[in-house]
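Take a look at the structure below.
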Amino acid sequence: AVWWIVTTTMLTMVGFSWFRISTLSALLTMLILRFIIGIGEAPTFPAAAQGVSCWIPAIHQGRANGFVVAAIGLGSAIAPLLITGVMVNWGWRAAILVSSLPALLVAIAWFYIKENELPMLPTKELKSPIKNYASLRSRSFILLSISYTLQGYVGYIFVFWFYLYLVQVRHFDLLRSAVFSSLPWILSIISIPLGGIVSDRLVSGPLGPRWGRRAVPLLGLTLSGILLALGAHATNAYLAVAYLAFSTACVLCVEGPFWATMMEIAENKSGAAGGVMNMGSNIGGLISPALTPLLASTMGWVNALYIAAGISLIGALLWLGISPCRDSLIQQRTHN
């Protein structure tokens, strides 16, 4: 968190008074600093995954991961309104600087948390140790990582381009676009934990561990692709906003099942496995913001979003080959 604060502060200094440089050099410097910020953020999800894996029983890990990831929706819902308001009144430097304040609060909070205050399960609840990373080479984990990469491609379209899409394509003004671009994240505050809760209930219900974990990603990614295509095709701008907002909620409701399944496959290697899986999502997030506007400029925004819809559907179909490695253990815990 301290890393984020320092790097973000440096970002606001680019081109400022004594730090004046050419436009090309400023762009390069900002890209490098953004890359460095990403390095500082990288441990967040693997560390959270290892914590949930150690502290939460297997049959509750879907909802636990859902609540953890839902915090992204909360932050993303607040950010456009806060950052746009600051930017309009005080400029982009102040807006970027304000975005580092939550990281400051996080750093202060972690500084005061002691290790003995962190919840731990009794020894009998901990996963049995494994001596290698064989589970990370299993078919289920490979398909899971590929599917998460495709999910990341679709999700990052909304992270990076939804606001500009509303301004440039749907022709909303800046403030109205900020309000509408918050809607998907407001919905995701509900959909992400709900997806995890439903997945846990299905695991302990008649569907069992395998189909209980598959059901939410299969349905969520499929619906996201359908709604994304409808939003791209809609002629009414407000109807397009509604379709795309619900598409975001659907593509993000799968987070809990993804991370819970990863933990079941990786067991006590959840930190490493979470890092690998999350890297896949970030690869999708690296490709998506660059490829989407390129496709839009050559094929039009409608076709660019159609391609994203197809990618979402492929991500859903991959779940037909994914299953937890420890079905019997989950089932035993469910009955207990």
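Numbering starts at 1 and runs along the sequence shown. Note: hydrogens, waters and symmetry copies are ignored here, and every other heavy atom, side chains too, is used.
In terms of heavy atoms, Ala316 sits closest to Leu218 at O-CD2, 3.0 Å. The shortest heavy-atom contact between Arg137 and Ile142 is O-CD1, 3.7 Å.
At least one side-chain heavy atom of Ser147 sits less than 4.5 Å from a side-chain heavy atom of Leu221. Contact check for Tyr148 versus Ile283: no side-chain heavy atoms found under the 4.5 Å cut-off. The closest side-chain heavy-atom distance from Ile322 to Arg139 is not below 4.5 Å.
Distance alone, capped at 3.5 Å, is enough to place a donor-acceptor pair between the Trp4 side chain and the Gly40 backbone. Between the side chain of Ser312 and the backbone N or O of Ala309, no donor-acceptor pair lies under 3.5 Å. Proximity of a side-chain donor or acceptor of Ser199 to a complementary backbone N or O of Gly195 within less than 3.5 Å is not detected. A donor-acceptor pair is defined here as one N or O able to donate and one able to accept, closer than 3.5 Å; no such pair exists between the side chain of Thr292 and the backbone of Pro289. A donor-acceptor pair under 3.5 Å is formed between the side chain of Thr298 and the backbone N or O of Leu295. In this structure, Thr7 contributes its side chain and Trp3 its backbone to a donor-acceptor pair below 3.5 Å. Checked by atom type and distance alone, the side chain of Gln151 pairs as donor or acceptor with a backbone atom of Val251 at under 3.5 Å. Checking side-chain atoms of Thr149 against main-chain N and O of Ser145 turns up a donor-acceptor pair under 3.5 Å. Checked by atom type and distance alone, the side chain of Ser204 pairs as donor or acceptor with a backbone atom of Arg201 at under 3.5 Å. Panel note: side chain Thr248, backbone Pro184; no donor-acceptor pair is recorded below 3.5 Å.
A single hydrophobic cluster is not seen to contain both Ile307 and Leu230; linkage of ILVMFWY side chains at heavy-atom distances under 4.5 Å, directly or through other members, places them apart. When hydrophobic clusters are built by joining Ile, Leu, Val, Met, Phe, Trp and Tyr residues whose side-chain heavy atoms come closer than 4.5 Å, directly or via intermediates, Leu291 is grouped together with Ile314.
Counting non-hydrogen atoms of other residues, nucleotides and ligands closer than 6.0 Å to CZ of Phe180 gives a total above 12.
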Just do the ring-ring contact (aromatic ring centres under 6.0 Å, His included) check on Tyr238 and Phe172 with the steps written out, would you? CA-CA 10 Å; Tyr238 291 97; Phe172 291 108; 5.3 Å; yes
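Results of the side chain to side chain contact (heavy atoms under 4.5 Å, CB included) test with Ser247 over Leu223, Ile226, Leu228 single out Leu228 as the only residue that passes.
Note: Phe258 and Trp319 have perpendicular aromatic rings, judged against thresholds of 30 and 60 degrees for the angle between ring planes.
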